[in-house]
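Here is the structure we will look at.
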Amino acid sequence: MALAAVVFDVDGTLVDSEQEGHRVAFNRAFEEMGLEDRWEPSAYRRLLAVPGGVARLAHYFRTAGVSPGEAQALATRLHRLKTAQLDGMIASGAIGLRPGVGELHADLRSAGVRLAVATTGSGGWVGALLGRLAPDAFEVVVTGSEVAVLKPDPACYHLALSRLALEPGEVVAVEDSPTGCAAALGAGLACVVVANSDTLDKCFPGAALVVSGFGGPPEASVVADPLGLDPCLPLRSRHLAAVLAAVAAAGPPAGASVGAR
Ligand code: XBP
Ligand code: MG
């Protein structure tokens with residue numbers, strides 16, 4: 001099947017938003033509530049293993065000895081403050097697209113490939129961010145607020161496929177993290193990983209290709225090329241089409257789940 005669409009993850013993929021975006025917003029929320037807590041980059045990198053800002057906060061407080069009920073209540077209150085802080089950062093232009101993303105989007109559009117988003121990020125700020133950085137670029141946007149279970153569960157990718165009315169074999173996912181890669185593979189999509197400074201040292205079992213950026217050398221390089229595609233970066237539509245063809249020839253990606261959409 002030909003490449004009909006590409007589904008992009010948001011945080012860490014389209015935008016390098018975690019350390020200087022979400023982490024800063026979480027810390028400002030702690031300060032706003034008069035708490036001493038602050039998340040340094042290395043601690044936040046570990047906390048990124050917990051998808052979803054509310055769950056991440058609740059996990060942090062539970063591991064600090066707070067009761068589960070109190071941790072959840074605190075997390076819910078803090079997440080509202082954090083999201084308001086993040087909205088302000090987005091409105092001020094503090095979060096931008098990763099280098100090379102715009103060029104890939106233009107190339108995909110000229111090849112007639114449809115664009116979509118599947119993110120764990122909660123609804124409010126995702127729309128504001130995409131509206132500012134890539135207005136009207138994405139035909140379908142699925143946020144963490146629309147699914148019952150977040151990545152690595154494949155629910156957001158199943159919903160994106162359903163709204164696109166496409167089969168997994170026509171679509172490639174672009175992710176940055178093992179959590180996101182697992183979600184895409186779980187929905188039967190081939191997954192290309194564009195790693196970032198928080199995930200470059202991670203393993204991405206089942207990824208069809210791993211690169212270190214959307215640009216060309218020397219900024220970006222191939223990190224893992226299990227299908228022997230030997231792409232000449234920067235990443236373009238032809239590379240994603242080649243991934244799809246190679247995955248189809250090799251059989252379904254590991255971890256593909258069957259199940260209702
Ligand atoms: C990344 C996430 C999100 C953000 C924080 O999502 O796990 O939780 O870290 O955003 P993705 P919220 O990589 O799938 O875009 O606080 O809104 O959850
Ligand atoms: Mg991500």
Side-chain angles (χ1 to χ4, degrees), residues 6-30 39 41 43-61 72 74-90 95 97-98 101 116-130 133-134 138 140-160 173-187 189 191-200 202 204 207 210-211 213-214:
V6 176
V7 184
F8 287 88
D9 163 54
V10 174
D11 289 303
T13 303
L14 289 177
V15 289
D16 203 354
S17 54
E18 291 292 1
Q19 291 292 353
E20 297 315 315
H22 292 288
R23 182 183 66 87
V24 171
F26 281 112
N27 285 338
R28 289 179 183 172
F30 289 136
W39 287 349
Y44 189 64
R45 190 166 298 121
R46 288 191 295 276
L47 284 164
L48 277 174
V50 182
V54 176
R56 193 169 301 146
L57 284 163
H59 165 81
Y60 168 76
F61 286 116
Q72 190 62 37
L74 199 47
T76 303
R77 281 177 59 203
L78 272 164
H79 194 255
R80 269 197 290 271
L81 296 176
K82 175 262 176 180
T83 301
Q85 289 286 348
L86 189 73
D87 284 340
M89 295 171 78
I90 290 167
I95 299 175
L97 290 175
R98 284 181 70 179
V101 167
V117 156
T119 174
T120 293
S122 29
W125 63 264
V126 174
L129 182 70
L130 298 179
L133 298 180
F138 301 102
V140 164
V141 176
V142 176
T143 74
S145 307
E146 297 176 85
V147 290
V149 190
L150 300 176
K151 299 175 186 177
D153 186 280
C156 61
Y157 279 103
H158 282 310
L159 185 52
V174 180
E175 276 280 358
D176 71 300
S177 67
T179 301
C181 183
L185 295 175
L189 276 73
C191 184
V192 170
V193 171
V194 184
N196 55 51
S197 53
D198 283 326
T199 63
L200 200 53
K202 306 291 184 195
F204 302 94
V210 181
V211 296
F214 287 96

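Small disclaimer: the values here were computed from a predicted structure and weren't measured. When a ligand or atom number is given, it counts from 1 through the structure's own listing order. Note that the numbering runs from 1 along the sequence shown for the chain.
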Is any side-chain N of the basic residue among Asp198 and Arg45 closer than 4.0 Å to the acidic one's carboxylate O?
-> yes

Should Glu18 be counted as touching ligand 1, given the test is an N or O pair under 3.5 Å?
-> yes

Mutual orientation of the aromatic rings belonging to Phe138 and Phe8 [parallel < 30°, tilted 30-60°, perpendicular > 60°] | perpendicular

Which residue holds the protein heavy atom closest to atom 18 (O) of ligand 1, what is that atom called, and what is the gap in Å?
-> Gly53 N, 2.7 Å

Report yes if the side chains of Leu185 and Tyr157 come closer than 4.5 Å at any heavy-atom pair, otherwise no.
-> no

Mode of Asp9 contact toward ligand 1 - side chain, backbone, both, neither (heavy atoms, under 4.0 Å) = side chain

Pair Thr199-Asn196, side-chain contact (heavy atoms from CB on, under 4.5 Å): steps then yes or no = CA-CA 5 Å; Thr199 63; Asn196 55 51; 3.4 Å; yes

Could you tell me the residue and atom name of the protein heavy atom closest to atom 10 (O) of ligand 1, and the distance to it rounded to 0.1 Å?
-> His22 CE1, 3.4 Å

When Val10, Ile90, Leu97, Leu14 are each screened for side-chain contact (heavy atoms from CB on, under 4.5 Å) with Leu133, the one that passes is Leu97

What about Phe26: any of its N or O atoms under 3.5 Å from an N or O on ligand 1?
-> no

Below 4.0 angstrom from a heavy atom of Lys151, which ligand 1 atoms are there? Numbered from 1 as shown, please.
-> 14 (O)

Among all protein heavy atoms, pick out the one at the shortest distance from atom 7 (O) of ligand 1; state its residue, atom name and that distance to 0.1 Å.
-> Arg56 NH2, 3.0 Å

Taking distance alone, with no angle check, do Gly52 and ligand 1 share an N/O pair under 3.5 Å?
-> yes

Verdict with reasoning, Leu86 to Leu129, per side-chain contact (heavy atoms from CB on, under 4.5 Å) = CA-CA 10 Å; Leu86 189 73; Leu129 182 70; over 6 Å; no

Flag side-chain contact, heavy atom, 4.5 Å: Leu78 against Phe61 = yes

For ligand 1, which atoms, with element, lie under 4.0 Å from some heavy atom of Val10?
-> 15 (O)

Minimum-distance protein heavy atom relative to atom 17 (O) of ligand 1 = Ser122 OG, 2.4 Å

Proximity flag Gly121 to ligand 1, non-hydrogen atoms under 4.0 Å | yes

Atom 6 (O) of ligand 1 sits nearest the protein heavy atom Thr120 CB, 3.3 Å

Quick one: side-chain contact (heavy atoms from CB on, under 4.5 Å) partners of Ala207, sequence neighbours excluded?
-> Cys181, Val193, Phe204, Val210

Sorted by chain and residue number, which protein N/O/S atoms are under 2.8 Å from the Mg ion (ligand 2)?
-> Asp9 OD2, Asp11 O, Asp176 OD1

Do His22 and Trp39 have ring centres separated by under 6.0 Å?
-> no

Glu175 heavy atom under 4.0 Å from ligand 1 = no

Below 4.5 Å, heavy atoms only, C-beta onward: do Arg56 and Leu48 meet side chain to side chain?
-> yes

Quick one: are Cys156 and Lys151 in side-chain contact, heavy atoms under 4.5 Å?
-> yes

Derivation and outcome, side-chain contact (heavy atoms from CB on, under 4.5 Å), residues Leu57 and Lys82 | CA-CA 11 Å; Leu57 284 163; Lys82 175 262 176 180; 5.5 Å; no

